[in-house]
There are 2 protein chains.
Amino acid sequence: MEKNSGNNNKLVPQVSSKRATSYDVARLAGVSQSAVSRCFKTGASVSVKTREKVRKAADELGYQPNAIARGLITRRSNIVAVVITEFTTLNYPEMTSRLNEHLAKHDIHILLFTVGPQSDMTVVLDQIWQYQVDGIIASAPFSEAEIQRCAKRGIPLVFYNRICNDSAVSTVGCDHAEGVKILIDRLVRDGAKRFVVLSGPDDSAVARERLRGATEQIELHRLSMSVLGGDYTYESGVRLTQQVIDGSSLPDAFVCANDVMAIACIDTLRGADLAVPEDVKVVGFDGITVGQWHAYQLTTIEQPLDRMIEATVSMLLERIEDITLPAEKRLFAGKYIDGASA
Amino acid sequence: MEKNSGNNNKLVPQVSSKRATSYDVARLAGVSQSAVSRCFKTGASVSVKTREKVRKAADELGYQPNAIARGLITRRSNIVAVVITEFTTLNYPEMTSRLNEHLAKHDIHILLFTVGPQSDMTVVLDQIWQYQVDGIIASAPFSEAEIQRCAKRGIPLVFYNRICNDSAVSTVGCDHAEGVKILIDRLVRDGAKRFVVLSGPDDSAVARERLRGATEQIELHRLSMSVLGGDYTYESGVRLTQQVIDGSSLPDAFVCANDVMAIACIDTLRGADLAVPEDVKVVGFDGITVGQWHAYQLTTIEQPLDRMIEATVSMLLERIEDITLPAEKRLFAGKYIDGASA
DNA sequence: CACTCGAATGAATTCGAAGTCATTTGGTTG
DNA sequence: CAACCAAATGACTTCGAATTCATTCGAGTG
């Protein structure tokens, strides 16, 4: 039993009790290992007497089935990979935590992966394969080839708030274009004629969708607009707004790529002694908490995060159960928040 | 680019190829399974020729070692549990994402666990045991018994921003009391005499520490203060500030439990036509991004998140390598942010 | 060319739980 | 009481990679 006597005279951790295995429990309960295993599986054929003996022995030893060993034989890890970008401004961390709350109800846990500019998606996928995850939830850019790799492995994949129109893959998202159109309509109804769009980064499909919504709806009303490209950050909102203020003429309304830029816009306008919404109107997109604070009371479109997260989880779980289910795209309408900035 | 033309309409998953094992690779490369295994272990004794053959075969089959099987035999899962509360206002989700970036460098991944008011910590710990994690990072309340359970299992545990003075457990945190004292000193130097402390929830040790700092330092200066109990939220900040405004007299300064409450305080004061800092000064704690936006420019103490996260990771890794290392408490000083609110 | 010695290799074993299958148990029926 | 059938049980095998250990290879030496 003293197997660590010879191997390493320095650094013997001496973790007194190596964790108990199903064999240990079986021995203590006077049953077979198979019986122990069955006791931890719902619906298995075990007598009340045996179940009770095993439960007692397991409690005594502090036994918990080893999920690693179980996963090896069942080919189910009960682990889902969540892939997000390192870009924390986008609230992905919070989404992750919320996803976890839903998945936990199904005894599924989240293994977290972040992709940054330097870390290659290919490398991340390799790591994901290693852990034999049951499914993937992604809020990060996948190439068509990478999507195909998942399909080939038979690992269900659901995108959260990513637009992949040209690919047969499951997605959950918010109707960005439609949301912006609602905002534009309200602005027009309130008399706005000249628009400045503070857009998001070109490489963001969401930003392009929002821009498309704005462009189409403003053209529909045969009004004029100009577009300035930002990157979702407060700083870019400040910079672009200042550019406009320094320019020849002010627009009637700023249509911003997200709430953070809208808030930056409001701050900058106020800094130039311009009143919002009297002198200029400002609208955002997302419905973040900060936007509703007294200082801003942003007019915006709120994404139905709860619904979206729930949909993501249920779509993934369905596809874990039945990998042959066809891809599905679910698009939720945003909710117009009638703030005081427009 | 239209590569999905053929299979798109019926969408056949084509799971044909169950994932390749080391035996498959071995057969294709004409070597033994042992050789394959060695090729994926750095420092193992393999000839260049063999390594090359195996690498080629592995690439061809898209082989990645099964981390589950590996974990079973090595007793190292390369997984660390991160336990946070569901309370997303506290930025734990963001911390999680940052921790992940650091741990990923060491090929360690995060399995996420959230504890809510209803979900028992005991249940969560049971789940953690099942996954044979190598260590635990916790930002959630553990009882002494729960801490002992981890110790007994030989699983290293590091607390992030939790105060556990009465327990021999490793922690990383910010010196809250000291930070508040710096703020008080500045306020006093600028002439403040009467203070209102908008405190955090009683059951938060961090809140109590910050309150202690305020109390001690105000007493040191032989000045007066009153304390109102909130819960870190914007709403509670608004409510308490309004109470004060509605009361008989205004203080010279509000000392808030965190930045969010400080911002609520500023918003509410402004709503009552009071100027900050001219009529009343306001200070917060944390150094959140929003606090630095133009509308607020909060005077506060910034927690050195990067340092703290780095410390958490390195302390945990050290203890995973050598479980016998004694517990250690690391306390970082916050950085005074000289804003425009005090 | 025989002889070392270390590097490289593969067969066999191991980790822990779950599934398979043959066997036993216990309760019911004629 | 024999016969029967379903429920309960345990011996054995399986999952996939790492490790142990005995063996083989190959370069270098006298």
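Letters A, B, ... are given to chains in the order of the sequence lines, protein chains preceding strands, and every chain is numbered from 1. When reading the values below, keep in mind they use all heavy atoms of this one structure, side chains included, and skip hydrogens, waters and symmetry mates.
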* Asked: Do the side chain of A:Ser139 and the main chain of A:Tyr160 share a donor and acceptor less than 3.5 angstrom apart?
  -> yes

* Pair listing, side chain to side chain donor-acceptor pair (under 3.5 Å) test, anchored in residues 38-47 of chain B, at least two apart -> B:Ser47-B:Thr50

* Do A:Ser167 and A:Glu144 have side-chain atoms, one donor and one acceptor, less than 3.5 Å apart? -> yes

* For A:Asp134, which residues count as a salt bridge (charged side-chain N to carboxylate O under 4.0 Å, His left out) partner, sequence neighbours excluded? -> none

* Asked: In whole angstrom, what separates A:Asp24's CG from C:dA17's C1'?
  -> 13 Å

* To do: Indicate, with a heavy-atom threshold strictly under 4.0 Å, whether A:Ser47 touches base, sugar-phosphate, or nothing.
  => sugar-phosphate

* Structure fact -> Within residues 53-60 of chain A, those residues having any heavy atom closer than 4.0 Å to DNA chain D are none

* Grab the CD-C1' distance between A:Glu52 and D:dA8 for me, whole Å please. => 17 Å

* **Between D:dA11 (C1') and A:Arg27 (CZ): distance, integer Å** => 16 Å

* Structure fact -> Nearest heavy-atom approach of B:Ser77 to A:Tyr131 is O-OH, 3.2 Å

* **Exercise: identify the closest heavy-atom pair between B:Ile84 and B:Ala140** => C-CB, 4.3 Å

* To do: Taking all heavy atoms of B:Leu316 and all of B:Leu157, pick out the closest pair and write down the distance.
  => CD1-N, 4.4 Å

* Of all pairs that satisfy ring pair (Phe, Tyr, Trp, His ring centres under 6.0 Å), the ones with a partner from residues 35-77 of chain B, not counting sequence neighbours -> B:Phe40-B:Tyr63

* Structure fact -> 5' to 3', nucleotides 13-23 of chain D under a 4.0 Å protein heavy-atom cut-off (B base, S sugar-phosphate only, - none) gives -BBBBBB----

* Could you check how far CZ of B:Arg76 sits from C1' of C:dG16, rounded to whole Å? => 19 Å

* A:Cys150 side chain reached by A:Ile136 side chain, heavy atoms, under 4.5 Å -> yes

* Minimal non-hydrogen separation, B:Asn161 against B:Gly173, with atom names -> OD1-CA, 3.9 Å

* Could you check whether the rings of B:Phe159 and B:Phe142 sit parallel, tilted or perpendicular, using 30° and 60° as the cut-offs? => perpendicular

* Degree of bending, the helix from C:dC1-D:dG30 to C:dG30-D:dC1 (end axes from five pairs; round to 10°) -> 40°

* **Protein-nucleotide distance (A:Asn78, atom CG; C:dA17, atom P), rounded to Å** => 15 Å

